[in-house]
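Here is the structure we will look at.
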Amino acid sequence: MSPATLKIPPSGLPSEALNIWSSYPNRPTNWSHQSLEQRTRRTRLERLAVSAAKPAATVQQWLEALVSDGSAASSITALKCAAIVHESESYDDDVHCAHIVLTTDGRWCAADPNHLFLPSEYTPNVPDAAIVSPDVAADDDARAALEKLGIKSADMKGELGALIDTGFNNYSAAQWQKFWRLVGQAGNCAVELLLDPARRGEICVRTLAGDFRSIIRTLLPGAIVPEDSSRDRKVAVDTAFHSSHLEVLRAIGSVPAPVTDYPTFGNRWVWAYRSNMIAEYIAEMPVKPQSDKLVFNRDHCVGPLDLMYELSDQGKAFFSEAVLSQNDPAWILSHTTQRKYQPKSMLPPSIWMVQRHGCLHTSLGVRPVAQCFSPDLLSLSDFLPVAGITPDAAERVGLRANSDGISVDEWKYALEVATTVQDAVKLGRFYGTAAQWIAADRKSVV
């Protein structure tokens with residue numbers, strides 16, 4: 001055979017894989033023998049047979065050449081080679097692209113864990129699913145090789161795992177419905193496949209509004225959102241649709257109210273919080289540290305906090321009050337390498353989010369947190385929005401606790417409200433406080 005027609009495998013293949021390939025009786029004869037893979041022989045071989053117009057073969061071509069006789073035996077041999085080469089990271093993609101697995105319907109498939117399954121009594125629902133030929137799967141070495149390449153038995157858990165591994169980008173409503181149907185069939189074994197916090201932001205659940213939203217931007221009906229669709233339908237999980245999934249949902253982080261130690265991965269607020277805290281940290285520093293060297297000591301907090309962007313004012317009030325009823329430690333911001341930048345205690349994300357996006361129930365209805373007053377001003381609750389939370393919670397969220405914090409516009413509003421109040425005792429107390437303010441050269445508002 002002339003060097004021009006000779007094919008040679010890629011360099012650097014494990015000798016064990018080369019030996020198995022060469023030992024197959026029906027191997028193609030137009031490939032170089034593995035004995036030529038010694039360094040000096042390989043160099044000479046490349047000089048004779050390889051050129052810019054005819055480079056060495058890829059691993060995919062080398063593996064696929066072995067199954068040219070179309071037999072189960074060739075598939076078994078190729079898989080044994082593939083499992084060994086699989087250990088080499090530089091060749092792994094080629095291994096998984098090679099069509100070397102004989103299937104039950106006579107096709108040749110790549111070892112793709114998302115579409116190829118070992119035979120079992122279960123019939124997978126994955127589109128274009130392929131089942132390994134029983135003749136191949138019956139061989140212990142081939143089966144071990146397939147398992148090393150990530151091929152699992154065709155069962156509900158395996159199918160669900162394959163579906164999850166493909167990712168959820170641009171999933172349609174129909175695809176989510178199929179996903180949750182599989183979860184319902186898989187039952188509790190689905191939990192271990194979905195428990196990774198990194199997955200939590202990707203998984204979508206159906207809401208009472210009929211669409212699918214990220215689990216970290218929804219709540220189970222309860223104290224925060226009602227089940228009757230009267231409010232916050234786009235946030236409330238449709239428990240009728242998810243009736244067979246509720247245990248799984250709870251296990252992977254679906255909650256009816258904020259909880260402590262909730263993962264922050266994938267949350268929308270994280271970037272804004274980090275930027276704000278870093279700006280505060282470096283504000284008075286003459287020499288600014290690199291922001292990418294600044295890290296927090298925690299990645300869990302009271303949450304999920306993305307709901308603060310989604311809820312109605314009434315829902316925000318219930319949610320904010322539930323957040324403030326829990327203890328959320330301060331986050332410590334520090335530099336990873338420079339000790340001259342001292343660690344600093346920062347406001348925890350839950351308090352920061354409530355201050356900016358939260359609402360509270362007050363004596364005058366639901367109001368944004370920035371407009372609320374501490375229960376220390378209870379005597380003015382008929383005239384100003386005094387929050388119905390504990391003094392400790394009010395202090396943590398920074399509510400104003402004395403009349404010095406009342407703005408001109410708020411005094412104007414309070415004086416207008418006073419015209420509708422009939423209780424003489426309350427009016428007397430109010431005007432007594434207002435008189436002190438008016439005496440401080442603020443008569444222009446009366």
For this session: State whether Asp306 and Arg268 are salt-bridged, where the test is any N-O pair (Lys NZ or Arg NE/NH1/NH2 against Asp/Glu carboxylate O) under 4.0 Å.
Result: no
Problem set entry | side chain to side chain contact (heavy atoms under 4.5 Å, CB included) assessment of Trp331 paired with Trp352 | CA-CA 11 Å; Trp331 281 30; Trp352 185 81; over 6 Å; no
Problem set entry | Donor-acceptor side-chain pairing of Gln314 and His361 below 3.5 angstrom | yes
Exercise. Is it true that the side chains of Asp299 and Thr264 contain a donor and an acceptor less than 3.5 Å apart?
Worked result: no
Problem set entry | Validation row, ring centre Phe168 to ring centre Phe212 under 6.0 Å | no
Problem set entry | Expected output: side-chain Lys80 to main-chain Asp141 donor-acceptor under 3.5 Å | no
For this session: Identify which one of Phe179, Trp176, Trp180 satisfies the ring-ring contact (aromatic ring centres under 6.0 Å, His included) criterion when paired with His242.
Result: Trp180
Exercise. Is any side-chain heavy atom of Ile224 less than 4.5 Å from a side-chain heavy atom of Pro256?
Worked result: no
For this session: Please check if the side chain of Gln326 supplies one atom and the backbone of Thr260 the other of a donor-acceptor pair under 3.5 Å.
Result: yes
For this session: Using the side chain to side chain contact (heavy atoms under 4.5 Å, CB included) rule, pick out the option among Leu146, Thr103, Thr104 that qualifies with Val132.
Result: Leu146
For this session: Quick one: do Glu64 and Trp108 satisfy side chain to side chain contact (heavy atoms under 4.5 Å, CB included)? Show the steps, please.
Result: CA-CA 10 Å; Glu64 289 179 349; Trp108 289 91; over 6 Å; no
Exercise. Between Glu410 and Ser407, is there a donor-acceptor pair closer than 3.5 Å when you use the side chain of the first and the backbone of the second?
Worked result: yes
Exercise. Is it true that atom CD of Glu395 has more than 12 heavy atoms of other residues, nucleotides or ligands lying nearer than 6.0 Å?
Worked result: no
For this session: If a pair satisfies ring-ring contact (aromatic ring centres under 6.0 Å, His included) and one of its residues is in residues 140-163, list it, with sequence neighbours excluded.
Result: none
For this session: Report yes or no: does His115 contribute a side-chain atom to a donor-acceptor pair with the main-chain N or O of Ala130 at less than 3.5 Å?
Result: no
Problem set entry | Side-chain donor/acceptor of Ser275 to backbone N/O of Ala272, under 3.5 Å | no
For this session: Without swapping roles, check the side chain of Asp238 against the backbone of Phe241 for a donor-acceptor pair under 3.5 Å.
Result: yes
Exercise. Do Asp392 and Thr390 have side-chain atoms, one donor and one acceptor, less than 3.5 Å apart?
Worked result: no
